[in-house]
Amino acid sequence: MRLVYLGPPGTFTEVAAGRAPGTAGAERVPVASVDAALNAVREGEADFAVVPIENSVEGGVTSTLDALGAGRPLSIRAEVLVPVTFVLAARPGTALADVRRVGSHPHALAQCRGWVAEHLPAALAVPALSTAAAAQVLGGAAGEAPYDAALCAEPAALAAGLEVLARDVADNAGAVTRFVVVGRPAAPPPPTGSDKTTVVASLAEDRSGALLELLEQFATRGINLTRIESRPQGTELGRYTFSIDCEGHVADPRVSEALMGLHRVCPRVRYLGSYPRADGLAPVPPPGTADADFTAARAWLADLLSGRPAT
Ligand SMILES: O=C(O)C(=O)C[C@]1(C(=O)O)C=C[C@@H](O)C=C1
C-alpha cells in the first residue's frame, strides 16, 4: 500500500498521514502539492492521498476543495484531526528585528497574521506550498531565499537547520486542521452510527431560492450540515458550487433521500464519500427522521399500495 501526502517531511499533513486509519504499514511518500497528491491517486501511482481540507481558523483549503470538486472523481475514506501550533524560525544568527519577509502555507500565514502584525509590522507574507516547504527552502538554499523566516511546526524548523525565534505564534490557541484520506472511487464502508458524508453540488440557476432548495434537501430530513463552503465554478463571475459535509452515512435512509433530492434539484452532484467521524460523535436524528421512521413509513406505504388497511 502506498500513501502520498502534502510534504515535505515535517508538515502537519505528515502527522495526519501517520494517523490515517486503515493505512498501517503503508509506504508514506511526501509530494510537493495537494494536486500532486490527488493526481497520484488518480493515476494509480498511490493508493491513498492525505491532504488538508479545512482549518478551525481559516476555513476550507481551497486547493483541496477545488481539486476534489473537479477532475476525475475521488473518494474520501477517512478524516484525521491534528492540533496545530507554529514557531517562527530563521537561519542561525538571524535576529527577529532582521525579519522582513515571512514564508509559509497561506493557512499558516492566516493563523499567525495577528502575531506577525504585532511583532513584525513591516514584514511581507510570502506564500509557500506547505509549512515544511517554507522551512526547507529557507534552510536548504544557500544565499538569497524568498523569505527571512518561516512559520512551521518546530520539528520542521529543526530538521531544516533553522533556529526558533518565537514559539506559539498562532493567534488562536487550540487551532485544529482537518485532513482527509482520499482514494479512488469505491463503495463506502458500512455505517458506524457516527459518520459524515461529503458532497459537492451546483445550483440549477442563479435565482432566488435556489440555495434554499438545496439546503431543504437536508433540513426536511433532519440532517445537520457540519460544513458548507461556496467555491467559484470558474466559468463566470457569480457561479458557485457548494462543498458540503453532513452528518450521517449515505446508507442511512434520511441521507439517501437527501442525496436523491439533491440529484433531482441540482444539475450536478458529486458524492465524495461517507466515512467515520474523527470525533466519534453519534448525533440523535430529530423525531421522524431516524432509520426506523423511514422503514415504518415505507411499510405503511406498501400496505397502502397493496390495499391492506393502512391505519
Ligand atoms: O500540512 C502542512 O504543514 C501545511 O502546510 C498545510 C496546512 C493547511 O493546509 O492548513 C496544514 C496545517 C496548518 O493549518 C497549516 C497549513
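Along the sequence shown, the residues carry numbers beginning at 1. Order of appearance sets the numbers: ligands from 1, and atoms from 1 within every ligand.
Backbone and side-chain nitrogen or oxygen atoms of T11 are examined, and none is located within less than 3.5 angstrom of a nitrogen or oxygen of ligand 1. Between V61 and ligand 1, no N or O atom pair is found at a separation short of 3.5 Å. When only interatomic distances are considered, the shortest N/O to N/O separation between Q111 and ligand 1 falls below 3.5 Å.
For the ligand labelled ligand 1, residue E58 lies outside the 4.0 Å heavy-atom shell.
Distances from atom 13 (C) of ligand 1 to the heavy atoms of L6, T177, T131 show the closest one on T177.
With sequence neighbours excluded, the residues satisfying salt bridge (Lys or Arg N to Asp or Glu O under 4.0 Å) with D245 are R178, R227.
We find that R113 and D171 are not joined by a salt bridge, their nearest charged nitrogen and carboxylate oxygen being 4.0 Å or further apart. Salt bridge E43/R72: present, at least one basic N to carboxylate O contact under 4.0 Å.
Contacts of S130 with ligand 1, taken as heavy-atom pairs under 4.0 Å, involve both backbone and side chain.
Around the NE2 atom of H119, the shell of radius 6.0 Å holds more than 12 heavy atoms that belong to other residues, nucleotides or ligands.
Within the listing of ligand 1, atoms 8 (C), 10 (O) sit less than 4.0 angstrom from a heavy atom of H107.
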*asked:* With side-chain contact (heavy atoms from CB on, under 4.5 Å) as the criterion, how do Q217 and L259 come out once you've worked through the C-alpha distance, each side chain's angles and the decisive distance to 0.1 Å?
replied: CA-CA 8 Å; Q217 303 308 319; L259 295 195; over 6 Å; no
